[in-house]
Number of protein chains: 2
Amino acid sequence: MQTLSTEDYLKAIYHVSQSSSGAVATTSIAKQIGAKPSSVTDMFKKLSDQNLVKYQKYQGVSLTNEGVKTALRIIRKHRLWESFLVSHLNFNWDEVHQVAEQLEHIQSEKLTNELERFLDYPTHDPHGDPIPNRALFMKTYNKILLTELPVNKECVCVGVKDNSSDFLRYLDRRQIGIGTPLQVLHREDFDDSLHIQAGKSTLMITKKTAENIYVKS
Amino acid sequence: MQTLSTEDYLKAIYHVSQSSSGAVATTSIAKQIGAKPSSVTDMFKKLSDQNLVKYQKYQGVSLTNEGVKTALRIIRKHRLWESFLVSHLNFNWDEVHQVAEQLEHIQSEKLTNELERFLDYPTHDPHGDPIPNRALFMKTYNKILLTELPVNKECVCVGVKDNSSDFLRYLDRRQIGIGTPLQVLHREDFDDSLHIQAGKSTLMITKKTAENIYVKS
DNA sequence: AAAAAAATTTAGACTTGTCTAAATTTGTTA
DNA sequence: TAACAAATTTAGACAAGTCTAAATTTTTTT
Ligand SMILES: [Mn+2]
Ligand SMILES: [Mn+2]
Ligand SMILES: [Mn+2]
Ligand SMILES: [Mn+2]
């Protein structure tokens, strides 16, 4: 049985390990969690004692099988709750993270599984991230960044890389969301900006925006 | 902003103060919380420093106005979540307490108020206890214990005093729940047992059972 | 390969919440 | 009312999680 804090660390280690190869460094977790590196070292030792991570001094950590499972159980709850907040409690997709960060720690298998049933077994959360099912298996599809999409190819927005409120509200204003049909009309060589068709309107977005939008064709 | 622990103490103090007059004693809270009296003394001091209780050494505590408000906010969340678990997530009324004990600490006014809206502004939880509204006002009706009901008077079960799983499941087996019409057919002088009409069936219950059932006529 | 920089760990401290054991106060009984 | 019992508080300890400052190791740069 984990504490709130160890759960957040395991989740952070999982996320960092997904977006980079090799062992997870102390400072990367310190940044993610918002703690000092010395605190992270302490926690690495505790997690190592519980066999949730493999830890070698000065060499970072990697999750054990049990560590991965524990992380995925938290992520499953986080994403189910996010889905619930958006689908039934009138939350916007930029408001859910802070609350889900708390709800993900509620301990009750029955609660999690009944919530999943109530939501009709969603496969993705409001940000397009896959929700692990009861067996902790995630359905992932081939998504690419909008920057990698060939000109004129039709596609659909299926996710975002940056989950910040700022970015999500910016997309709201541009009327881009999960499911919005997108098409690159023209790529400007000078500054890599894109002219795109988004739903029924055409607009211009910067490279920085495009590399935070996942699409599927 | 309170911690999980201080919130549980405030709630416990509120409940004990409701069911007895005068200041709340250290041991009564120790029993309720499941902690040692010395721990309770420590917490009384902390709560006193925050002006949530009035505390005099050896004389127990009483909640300040701010303390009452904080307690009611937790109770509001606890009962709303209990209602949600029963009405939408297939929980039985004897299973909700342990989970609500966790959910009551989630901090998000929007979440609480949207949950209340989603549930269509319920006034009572699955155990018949009143749910404080947004202004922390509770609608209470005149309820009496089944032991106090005159013979042959028709009434309806509106609540339970004992919230233990054992008692609630016992009531399930007897097909007595919130809303069940009840009537005392005969009071046995010898052992104070009652012959009652419960819905369509007649059955016998002990005094102990009767004094844990609230009814309204 | 040595020096400098960056990353990481250790040492020691603090907070919150808890405990046991001992001391103190209050209440009750003879 | 003096002795005893019960309730309460104090003193001192511990675990979890965090921090700062100093020491150590690794990595990068000259
Ligand atoms: Mn969290
Ligand atoms: Mn998400
Ligand atoms: Mn609680
Ligand atoms: Mn209840």
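So you know, we letter chains A, B, ... as the sequences are listed, proteins then strands, and number each from 1.
Looking at heavy-atom distances under 4.0 Å, A/Thr27 makes contact with sugar-phosphate atoms alone, never a base. Counting any heavy atom pair closer than 4.0 Å across all strands shown, B/Lys57 reaches sugar-phosphate atoms only and no base atom. Within 4.0 Å (heavy atoms only), B/Ser39 reaches at least one base atom of the nucleic acid. Using a 4.0 Å heavy-atom cutoff across all strands shown, B/Thr26 reaches sugar-phosphate atoms only and no base atom.
Between the NZ atom of B/Lys36 and the P atom of D/dC14 there is a distance of 18 Å, given to the nearest Å. Distance B/Tyr55 OH to D/dT10 C1': 10 Å, rounded to the nearest Å. If you take CZ of B/Phe44 and C1' of D/dT8, they are 10 Å apart, rounded to a whole angstrom. The nearest whole Å value for the distance from the NZ atom in B/Lys46 to the P atom in C/dT15 is 12 Å. If you take CG of A/Asp49 and P of D/dA16, they are 10 Å apart, rounded to a whole angstrom. Nucleotide C/dT8 holds its C1' atom 14 Å from the CD atom of A/Gln56, rounded to whole Å. Spacing between atom CD1 of B/Ile33 and atom C1' of C/dT18 amounts to 12 Å, rounded to whole angstrom units. Spacing between atom CE of A/Met43 and atom C1' of C/dT8 amounts to 17 Å, rounded to whole angstrom units.
When all heavy atoms of B/Asn163 and B/Asp129 are compared, the closest pair comes out as ND2-OD2, 4.0 Å.
Mapped onto DNA chain D by nearest heavy atom, A/Asp42 and A/Gln59 fall at different nucleotides, with A/Asp42 at the one closer to the 5' end.
Among A/Leu72, A/Ile131, A/Thr123, the one residue that satisfies the side chain to side chain contact (heavy atoms under 4.5 Å, CB included) test with A/Met138 is A/Leu72.
The shortest distance between the side-chain N/O atoms of A/Tyr9 and the OP1/OP2 oxygens of D/dT18 is below 4.0 Å. Proximity of B/Ser5 to the phosphate of C/dT18: a side-chain N or O atom is located under 4.0 Å from OP1 or OP2. Taking 4.0 angstrom as the limit, B/Lys45 places a side-chain polar atom (N or O) nearer than this to OP1 or OP2 of D/dT10.
The existence of a salt bridge linking A/Lys110 and B/Glu95 is confirmed by a sub-4.0 Å separation between a basic side-chain nitrogen and an acidic carboxylate oxygen. Between B/Arg117 and B/Glu114, at least one side-chain nitrogen of the basic residue sits less than 4.0 Å from a carboxylate oxygen of the acidic one, meeting the salt-bridge criterion.
Separation of the A/His124 and A/Tyr141 ring centroids falls under the 6.0 Å cut-off.
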Nucleotides 21-23 of chain D: which of its N/O atoms have a protein N/O under 3.5 Å away?
none

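For B/Lys31, the NZ atom is loosely surrounded, since the number of other residues' heavy atoms within 6.0 Å does not exceed 12.
Taking the six-membered ring for Trp and thresholds of 30 and 60 degrees, B/Phe118 and A/His88 have ring planes more than 60 degrees apart, a perpendicular arrangement.
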